[in-house]
S.K.: 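One structure is given below, represented as structure tokens, and several questions about it will come after.
The structure displayed is predicted, hence computed values, not measured ones. As the structure lists them, so they are numbered: ligands from 1, and atoms in each ligand from 1.
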Amino acid sequence: MEDCIFCQIIAGKIPAAVVYEDDKVFAFEDIKPAAPVHILLIPRRHIATFNDLKPHDVELMGHMALVLKKLAADHGLAEKGYRILINCGSEGGQQVYHLHYHLLGGRPLGRLLP
Ligand code: 5GP
Ligand code: ZN
């Protein structure tokens with residue numbers, strides 16, 4: 001996936017402030033943070049969108065959930081709270097087509113829903 005920005009970050013071709021990595025996932029600070037803590041967590045394997053998840057990705061997604069919990073705790077967000085979100089597709093607001101979780105926290109985030 002040579003034209004994918006996030007694959008290039010994983011490959012070290014584009015610099016990023018990496019906060020966590022293992023054999024399955026990679027996490028780094030968002031370049032335009034929307035909150036004091038704004039981390040992106042991505043699978044190492046290129047998956048374009050949430051729509052592209054397959055049954056064999058269930059272990060990966062469970063792993064990502066636990067890594068998000070750890071990242072939130074490591075960044076001091078566990079007690080006060082935080083938000084995790086995925087944008088999917090154009091109307092979902094997705095700009096980078098490599099599946100990613102946003103982890104946001106460090107300020108009151110307000111409600112997204114009425
Ligand atoms: P999306 O809108 O696709 O859910 O979110 C993409 C996110 O990636 C945005 O919050 C944007 O700021 C971030 N982003 C885009 N390009 C780069 C980059 O080159 N480096 C980093 N660290 N973040 C990026
Ligand atoms: Zn990619």
S.K.: Which ligand 1 atoms, with their elements, are less than 4.0 angstrom from a heavy-atom of Ile5?
M.R.: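 Within the 4.0 Å cut-off of Ile5, ligand 1 contributes 19 (O).
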
S.K.: Does the pair Asn87 and Thr49 meet the rule for a side chain to side chain contact (heavy atoms under 4.5 Å, CB included), with working shown?
M.R.: CA-CA 8 Å; Asn87 296 322; Thr49 82; over 6 Å; no

S.K.: With heavy atoms of Asn87 as the reference, note each atom of ligand 1 found under 4.0 Å away.
M.R.: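 Heavy-atom distances to Asn87 below 4.0 Å select 1 (P), 2 (O), 4 (O).
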
S.K.: Any side-chain heavy-atom pair from Leu60 and Ile47 closer than 4.5 angstrom?
M.R.: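 Yes, their side chains come closer than 4.5 Å.
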
S.K.: What heavy-atom pair brings Ala78 and Ala73 nearest, and what distance separates the two atoms?
M.R.: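 Shortest heavy-atom separation between Ala78 and Ala73 comes out as CB-CA, 4.1 Å.
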
S.K.: Which of the atoms of ligand 1 are close to Lys32, meaning less than 4.0 Å from one of its heavy atoms?
M.R.: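 Answer for ligand 1: 12 (O).
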
S.K.: Less than 2.8 Å away from the Zn ion (ligand 2), how many protein N/O/S atoms can be counted, ignoring water?
M.R.: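 Protein heteroatoms (N, O, S) closer than 2.8 Å to the Zn ion (ligand 2) number 4.
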
S.K.: With heavy atoms of His100 as the reference, note each atom of ligand 1 found under 4.0 Å away.
M.R.: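 Going through ligand 1 atom by atom, the ones under 4.0 Å from His100 are 1 (P), 3 (O), 4 (O), 5 (O), 6 (C).
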
S.K.: Glu29 to ligand 1: N or O pair under 3.5 Å?
M.R.: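 N/O-N/O distance under 3.5 Å: yes.
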
S.K.: For a quick test of reading the model, state the closest non-hydrogen atom pair linking Ile86 to His100 and the distance between them.
M.R.: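 Reported closest heavy-atom pair: CG1-O, 3.6 Å.
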
S.K.: Does the plane of the ring in His98 sit parallel, tilted or perpendicular to the ring in His46? Use 30° and 60° as the thresholds.
M.R.: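 Ring orientation of His98 relative to His46: perpendicular.
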
S.K.: What's the separation between atom CG in Leu77 and atom NZ in Lys69, rounded to the nearest 0.5 Å?
M.R.: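 Nearest 0.5 Å value for the CG-NZ distance: 14.0 Å.
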
S.K.: Quick one: pull up CG in Asp57 and CZ in Phe50 and give me the separation to the nearest 0.5 Å.
M.R.: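 CZ of Phe50 is found 10.5 Å from CG of Asp57.
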
S.K.: Go through ligand 1 atom by atom and flag the ones less than 4.0 Å from a non-hydrogen atom of Ile9.
M.R.: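 Listed by number with element: 20 (N).
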
S.K.: For ligand 1, is Ile86 a contact, meaning one of its heavy atoms is under 4.0 Å away?
M.R.: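 Checking ligand 1 against Ile86, which is what was asked, there is no heavy-atom contact under 4.0 Å.
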
S.K.: What protein heavy atom sits nearest atom 13 (C) of ligand 1, and how far off is it?
M.R.: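 Of every protein heavy atom, Asp30 OD2, 3.4 Å lies nearest to atom 13 (C) of ligand 1.
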
S.K.: Tell me the closest heavy-atom pair linking Arg107 and Ala34, and the distance in Å.
M.R.: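 Minimum heavy-atom separation between Arg107 and Ala34: NH2-O, 2.7 Å.
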
S.K.: Under 4.5 Å between side-chain heavy atoms, hopping through other hydrophobics if needed: is there a path connecting Val96 to Ile10?
M.R.: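 Yes; Ile10 is reachable from Val96 via cluster members.
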
S.K.: Tell me the closest heavy-atom pair linking His63 and Asp22, and the distance in Å.
M.R.: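 It is NE2-OD2, 2.7 Å.
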
S.K.: Could you tell me whether some N/O pair between Val96 and ligand 1 is separated by less than 3.5 angstrom?
M.R.: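 N/O-N/O distance under 3.5 Å: yes.
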
S.K.: What atoms in ligand 1 come closer than 4.0 Å to a heavy atom of Phe28?
M.R.: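 The atoms of ligand 1 under 4.0 Å from a heavy atom of Phe28 are 21 (C), 22 (N).
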
S.K.: Out of all atoms in ligand 1, which are within 4.0 Å of some heavy atom of Phe6? Include the element for each.
M.R.: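 This gives 8 (O) as the contact atoms.
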
S.K.: Among all protein heavy atoms in this structure, tell me which lies nearest to atom 3 (O) of ligand 1, with the distance rounded to 0.1 Å.
M.R.: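 Atom 3 (O) of ligand 1 sits closest to the protein heavy atom Gln95 N, 2.6 Å.
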
S.K.: Rounded to the nearest 0.5 Å, what's the gap from CG on Leu68 to OH on Tyr82? Could you check?
M.R.: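 Between Leu68 CG and Tyr82 OH, I get 8.0 Å after rounding to 0.5 Å.
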
S.K.: Could you find the nearest protein heavy atom to atom 23 (N) of ligand 1 and give me its residue, atom name and distance?
M.R.: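 Here the nearest protein heavy atom works out to Ile31 N, 3.3 Å.
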
S.K.: Any atom of ligand 1 sitting under 4.0 Å from a heavy atom of Gly93?
M.R.: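 It does; at least one heavy atom falls under 4.0 Å.
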
S.K.: Compute the ring centroids of Tyr97 and Phe6, then answer whether they are less than 6.0 Å apart.
M.R.: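 No, the ring centres sit 6.0 Å or more apart.
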
S.K.: Would you check the N or O atoms of His102, main chain and side chain alike, for any that come under 3.5 Å of an N or O of ligand 1?
M.R.: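 Yes; at least one N/O pair falls below 3.5 Å.
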
S.K.: Please find the pair of heavy atoms, one from Ile9 and one from Ala16, that lie closest to each other, and give the distance.
M.R.: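 Ile9 and Ala16 have their closest heavy atoms at CG2-CB, 3.6 Å.
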
